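Report on the following structure.
All ligand and atom numbering here is 1-based and tracks the order in the structure. All values derive from a computational prediction rather than experimental measurement.
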Amino acid sequence: MISKWLYSKRVRTVAFITCLFFIITYSSLFNNVYLDQFKQSPINYHIPSTAHSSDINMRIYTPHLNTLRDQLTRTFPYDPESLIPHTIWQTWKNGPQDSKFPSKFRSTQKKWTSMAQATGYQYSLITDESILPLLQNLYGEVPLVIEAYNLLPTIILKADFFRYLILYARGGIYSDMDTHPLKPFNEWVSSSESTLYKQLYSGTLLPYKNVNRDSTKLPSHEPGLIIGIEADPDREDWAKWYARRMQFCQWTIQSKPGHPLLRELILNITATTLKSVQGSPYSDDQNEMFDLKHLRDYDINYRYSSSRNSSNYDYTQKKNRKNVDGTDIMNWTGPGIFTDITFEYLSNIIRTNNDIPLLNSDLQKPLNDEIINEQSKSIKRFYNIISEQLLTYARIPWEFFAFLQNPAMVDDVMILPITSFSPGVGQMEAKGTDDKLAFVEHLFSGSWKEDADKNSNKNSNKNNGGIPPVPE
Ligand SMILES: *[C@@H]1O[C@H](CO)[C@@H](O)[C@H](O)[C@H]1NC(C)=O
Ligand SMILES: *[C@@H]1O[C@H](CO)[C@@H](O)[C@H](O)[C@H]1NC(C)=O
Ligand SMILES: *[C@@H]1O[C@H](CO)[C@@H](O)[C@H](O)[C@H]1NC(C)=O
């Protein structure tokens with residue numbers, strides 16, 4: 001009975017027409033603009049470079065391939081509307097119950113634990129022996145990240161990488177051992193419970209490109225990533241002391257899990273490590289996991305090659321514990337790369353989106369007859385440059401954060417003035433530890449750097465990699 005029905009001519013014709021219909025709709029669908037977002041990137045190598053992805057919208061990246069970027073996005077999806085997790089992360093060789101725990105950290109660590117207790121935050125000190133099991137647990141779905149962590153040849157590189165990894169996976173506040181908190185966490189401007197937060201969110205938004213700002217509002221949820229300024233040295237010879245004219249600090253960072261800026265940073269560090277380190281199974285020049293057209297992106301030896309002395313620097317070396325220098329640390333895992341990826345991300349999202357809220361209450365247009373002195377420590381000095389960059393090129397220039405006195409926002413990334421994580425340094429317009437925007441104090445900074453730099457060539461590396469403070 002059924003088979004007779006199946007073979008009847010009418011049913012066959014209907015089936016044929018239905019098939020044809022599906023074939024036609026699907027093939028036209030594949031030429032459809034709607035589907036273009038799924039083939040927006042021609043990238044099919046597994047580990048893309050972050051330097052050649054200007055066509056990708058980093059803010060709303062939808063995983064559709066199996067690159068490392070896709071794996072990271074799938075493993076830690078980003079929820080911009082969530083609250084910032086109430087967790088504090090620190091890391092050291094051993095814990096305070098160990099007699100070898102440095103006595104200088106006993107009081108700073110105590111301040112973090114008691115402040116956490118008082119505000120209902122969870123405190124975690126991750127010791128060296130628990131780092132790897134923790135990463136294996138968190139990054140089991142992204143094994144290349146764990147391989148990269150293991151390959152990093154020095155403790156400083158690993159410690160830098162770890163802070164980005166823990167925040168990307170779990171969120172909260174990461175802070176170095178040589179810091180201590182100055183205010184309860186629910187009084188930080190990033191917390192929706194604070195009065196500072198409420199004041200900030202009533203500010204007016206700035207224009208960029210030709211976007212009609214009436215339709216854009218600041219999001220009503222807490223910022224997703226909070227970054228402090230480390231250095232803003234307004235002097236010609238700034239490069240003697242710092243790696244970047246506007247440098248962000250990474251001794252304290254606060255975030256929600258899965259933030260796309262941290263994803264790009266982790267992707268960049270993983271890629272560089274797998275290519276540059278001696279003994280890496282991925283480091284040969286034919287490895288098709290990398291974008292072979294841009295192999296130098298992955299090789300730390302070529303990171304800003306102008307800073308290396310080409311007559312005595314060996315560009316073919318693979319990196320090991322003995323030949324890592326200050327330039328490597330800055331530009332591989334440290335504040336140099338952190339700052340670069342931050343600016344690239346911020347410019348990417350305003351270029352590829354028309355509804356990014358931009359807030360900087362310091363940035364006022366100078367009055368018609370107002371003369372702004374070349375020495376003036378006011379962002380007004382840069383008003384024209386900033387406007388041109390925003391309106392014409394859709395770029396966030398470093399000047400956007402110059403002499404910053406109040407928190408600035410670009411989408412859900414909050415940039416804090418130097419006073420917030422570096423109060424009391426007595427220069428670069430930093431205010432004191434009692435300021436309302438001073439949240440964390442950074443002590444004994446820079447002492448690690450002498451050890452780290454003993455491998456560097458003194459002639460070719462005059463840059464000390466950012467030891468604050470700059471002597472005035
Ligand atoms: C990492 O970022 C730096 C700074 O933008 C860039 O020069 C480099 O090419 C990037 N490398 C990779 C592998 O993403
Ligand atoms: C890192 O890269 C920058 C390029 O902006 C370069 O000037 C610098 O010398 C390199 N090294 C350090 C330590 O910053
Ligand atoms: C680069 O190294 C060569 C050989 O060691 C040296 O003679 C030269 O002065 C160095 N150049 C710079 C700019 O440091």
Side-chain angles (χ1 to χ4, degrees), residues 41 43 45-56 58 61 67-73 142 144-145 147-148 151-152 157 160-161 164 168 239-240 243-248 250 260-277 280 282-285 287-315 317-319 325-349 351 395-398 455-465:
S41 96
I43 293 171
Y45 24 82
H46 189 63
I47 310 178
S49 159
T50 59
H52 299 274
S53 31
S54 56
D55 54 329
I56 300 175
M58 295 307 171
Y61 183 75
T67 68
L68 189 54
R69 179 182 279 124
D70 297 62
Q71 288 183 352
L72 284 165
T73 315
V142 207
L144 287 175
V145 167
E147 284 196 67
L151 280 166
L152 283 171
L157 295 167
D160 278 344
F161 196 29
Y164 312 135
Y168 185 66
K240 277 192 192 159
R244 302 295 181 273
R245 169 61 187 79
M246 175 63 62
Q247 185 163 308
F248 298 127
Q250 32 92 281
L261 191 155
L262 293 177
R263 175 195 66 215
E264 294 304 302
L265 184 61
I266 291 168
L267 175 62
N268 186 286
I269 295 172
T270 305
T272 305
T273 307
L274 296 176
K275 182 77 188 78
S276 308
V277 174
S280 164
Y282 306 97
S283 70
D284 80 274
D285 284 352
N287 196 319
E288 293 192 342
M289 296 235 288
F290 305 108
D291 176 0
L292 297 180
K293 281 206 294 295
H294 298 288
L295 261 190
R296 286 188 179 186
D297 284 8
Y298 300 83
D299 190 337
I300 195 68
N301 289 310
Y302 287 98
R303 192 65 51 84
Y304 306 107
S305 42
S306 58
S307 70
R308 316 271 200 192
N309 181 342
S310 56
S311 60
N312 64 8
Y313 190 81
D314 175 12
Y315 287 90
Q317 67 185 320
K318 292 287 173 216
K319 286 291 171 181
D325 63 26
T327 288
D328 295 326
I329 296 168
M330 262 293 145
N331 291 329
W332 184 348
T333 60
I337 189 68
F338 182 54
T339 302
D340 295 346
I341 297 282
T342 299
F343 278 111
E344 282 166 23
Y345 176 82
L346 299 181
S347 291
N348 172 288
I349 62 170
R351 194 174 61 242
R395 244 185 250 140
I396 302 279
W398 67 261
N455 294 323
S456 76
N457 177 329
K458 291 286 176 298
N459 293 326
S460 67
N461 190 359
K462 57 188 189 328
N463 190 323
N464 86 342

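- Taking every non-hydrogen atom of E344 and a distance limit under 4.0 Å, the qualifying atoms of ligand 1 come out as 4 (C), 5 (O).
- Contact of the L274 side chain with the Y298 side chain is not registered, since no non-hydrogen atoms from C-beta on lie closer than 4.5 Å.
- Heavy atoms of I337 found under 4.0 angstrom from ligand 1 belong exclusively to the side chain.
- Below 4.0 Å from some heavy atom of S311 lie the following atoms of ligand 3, by number and element: 1 (C), 2 (O), 3 (C), 4 (C).
- Atom 6 (C) of ligand 1 has its nearest heavy-atom neighbour, among A51, G336, S276, in A51.
- A 4.5 Å side-chain heavy-atom check between D297 and K275 finds every atom pair outside the cut-off.
- A side chain to side chain contact (heavy atoms under 4.5 Å, CB included) with F248 is found for one member of D340, T342, I341 and no other, namely T342.
- Checking only distances, D297 does come within under 3.5 Å of ligand 1, N or O to N or O.
- For ligand 1, the polar-atom distance check finds no N/O of D340 at less than 3.5 Å from any of the ligand's N/O atoms.
- Around the CZ atom of R296, the shell of radius 6.0 Å holds no more than 12 heavy atoms that belong to other residues, nucleotides or ligands.
- The heavy atom nearest to atom 10 (C) of ligand 1, considering only N268, T273, D299, is found in N268.
- When each of T270, L265, I266, T272 is paired with N268, the side chain to side chain contact (heavy atoms under 4.5 Å, CB included) condition holds for T272 and for no other.
- Heavy atoms of H294 come nearer than 4.0 angstrom to ligand 1 in no pair at all.
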Exercise. Would you sort out whether T73 and R263 count as a side-chain contact (heavy atoms from CB on, under 4.5 Å), showing the intermediate values?
Key: CA-CA 7 Å; T73 315; R263 175 195 66 215; 3.3 Å; yes
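- Note on D328 versus R308: salt bridge recorded, some NZ/NE/NH1/NH2 to OD/OE distance being below 4.0 Å.
- Only side-chain heavy atoms of A271 come within less than 4.0 Å of ligand 1; its backbone N, CA, C and O stay farther off.
- Within ligand 1, the atoms closer than 4.0 Å to a non-hydrogen atom of T50 are 1 (C), 2 (O), 10 (C), 12 (C), 14 (O), numbered from 1 in the order shown.
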